[in-house]
*Asks:* 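Got a structure here, written out as structure tokens. Questions coming.
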Protein chains: 2
Amino acid sequence: MAETAKALETSTRILDAAEVLFVEHGFDATSMRMITQSAGVNIAAVNYYFGSKDGLFKAVFERRAEPFARLTLQRLGELESRDTIPTAREITEAFVAGSAELGRDTSLGGLLFVRLMGRTFVEPHPILKESMPRRYGEVTRRYIAAYRRALPHLSEQEVHWRFHFLTSAMFNAFAGNNVLRLFMDQPLVNARDPILIARMLLPFIEAGLNAPAAT
Amino acid sequence: MAETAKALETSTRILDAAEVLFVEHGFDATSMRMITQSAGVNIAAVNYYFGSKDGLFKAVFERRAEPFARLTLQRLGELESRDTIPTAREITEAFVAGSAELGRDTSLGGLLFVRLMGRTFVEPHPILKESMPRRYGEVTRRYIAAYRRALPHLSEQEVHWRFHFLTSAMFNAFAGNNVLRLFMDQPLVNARDPILIARMLLPFIEAGLNAPAAT
DNA sequence: CTTGGTTTCAAACATCTGTTTGAAAAATTA
DNA sequence: TAATTTTTCAAACAGATGTTTGAAACCAAG
């Protein structure tokens, strides 16, 4: 099980197929046979390369986790290297830009990972219980710290609440988890263009963050 | 299979157990045996009363769908029976109050149904493809119409986008699908109290809705 | 060409899935 | 009480699940 060219080829074929299927149908509704069939690979290949279905899921996640964290942190770093305190708008732009950039980069799986995130919030797979805080603990802490500096009129708790709200809105927006798509026969809003989504999101979130504290 | 007292008793026992398990683990990860065991009922009872697992899921949904729609529409109706045009804040209060009231009413399953909704946005079960627009098409149309009157500076599209954002934030907030819970080791925000959630939500959403149109 | 490690493959593994059966038990009606 | 319907139950159904096996195929190095 060394890193030969062949091993890398088939293992990434499995990862690519599994990523799409996990995002589309969820972990439980995606069978080994669906994955291997879609990847054009023998059934035993998954256990050969990843040990188990759980191991494959973890590998699917880990492959995208670091690039996404890097994208998201990079922008914030640039912002904080200036001499002025970043505004809530600027911090949000940095945060949203991370997902938007990912969405345009097909070599990173496009929006698939963001959609996987959106799924994971609702249905957290136990296998990610450890890697999630490890990979995104710092990202979260640094963004919240930046927001706290930008929003001194809010308590720490309330900043956390608003971070909760904005991430819910953002991830679901990029993931296309549209309530209207489900409730109405022909929804007006059905765009998958990351730039448009970001443009619609920003004024909403900016104003929401800057709103006065709850009474 | 008539509506005897016994039939009603065991069928609601099944519904109660299934509701919790579907919300907790999702449709696919919940087996017939988990449901019947939790309900203290024979395996065959589900098929006897609901025909199939799909039929049970639909029944679980249908039981709560109407009360929730009624709660949500009632408040809006009161608002619109006045002689002044409701503000975005008031409309949002009506919308949020529906979920908050449901959350406090254990006889309606509390927040379980809202959490089921949150799941369904991410993972829409085909069995609901028809009942969702039928049950919530009117709710959605009327709320969006009210928002359009309150927000004349926004295009129809943009009102739809913001409705998308606010429902994402709201449902995930009530469902407790907290990003922080997943990303951080000890999240500050972990409340399940519907009143607190509503209080935190309102200023955020109000300001987001009233924000100027996207550039 | 041969050797030794890597990768593929069809077949089978035990276990779990949703569903059905037919008879026993319970409740209702006559 | 007797007849009839409704409800429960253990057992079995066929099919799908993730995983393992052991041999064949492949491949690069000696």
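First the proteins, then the strands, lettered A, B, ... as listed; each starts at 1.
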*Asks:* Would one find a side-chain N or O of A/Thr10 under 4.0 angstrom from OP1 or OP2 of C/dT8?
*Replies:*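 Result: yes.
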*Asks:* Does any donor atom in the side chain of B/Asp105 or B/Ser107 lie under 3.5 Å from an acceptor atom in the other side chain?
*Replies:*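 Yes, B/Ser107 and B/Asp105 have a side-chain donor paired with an acceptor closer than 3.5 Å.
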*Asks:* Rounding to a whole Å, what distance do you find between B/Arg13:CZ and D/dT8:C1'?
*Replies:*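 Atom CZ in B/Arg13 sits about 12 Å away from atom C1' in D/dT8.
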*Asks:* At under 4.0 Å, does any side-chain N or O of B/Tyr48 touch on OP1 or OP2 of D/dT6?
*Replies:*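 It does not, given that no N or O in the side chain of B/Tyr48 lies less than 4.0 Å from OP1 or OP2 of D/dT6.
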*Asks:* Just verifying a value: how many Å separate A/Arg64 CZ and A/Leu102 CG, rounded to the nearest 0.5 Å?
*Replies:*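 Those atoms lie 8.0 Å apart.
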*Asks:* B/Phe50 ring centre to B/Lys58 NZ or CZ under 6.0 Å, with the angle to the axis within 45°?
*Replies:*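 No cation-pi geometry.
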*Asks:* To the nearest angstrom, how far is A/Glu9 atom CD from D/dC26 atom P?
*Replies:*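 Between P of D/dC26 and CD of A/Glu9: 16 Å.
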*Asks:* Reading nucleotides 14-20 of chain D from the 5' end, what letters show protein touch, with B for base, S for backbone sugar-phosphate only, - for no heavy atom under 4.0 Å?
*Replies:* ---BBBB
*Asks:* Residues two or more places apart in sequence or in another chain: which of them pass ring-ring contact (aromatic ring centres under 6.0 Å, His included) with B/Tyr143?
*Replies:*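 Here the qualifying residues are B/Phe95.
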*Asks:* Can you measure from CD1 (B/Ile91) to CG (B/Leu151) and round to the nearest 0.5 angstrom?
*Replies:*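 One gets 7.0 Å once the value is rounded to the nearest 0.5 Å.
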*Asks:* Return yes if a side-chain donor-acceptor contact under 3.5 Å exists between A/Thr92 and A/Tyr147, otherwise no.
*Replies:*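 Checked: A/Thr92/A/Tyr147 side chains pair up, N/O donor to acceptor below 3.5 Å.
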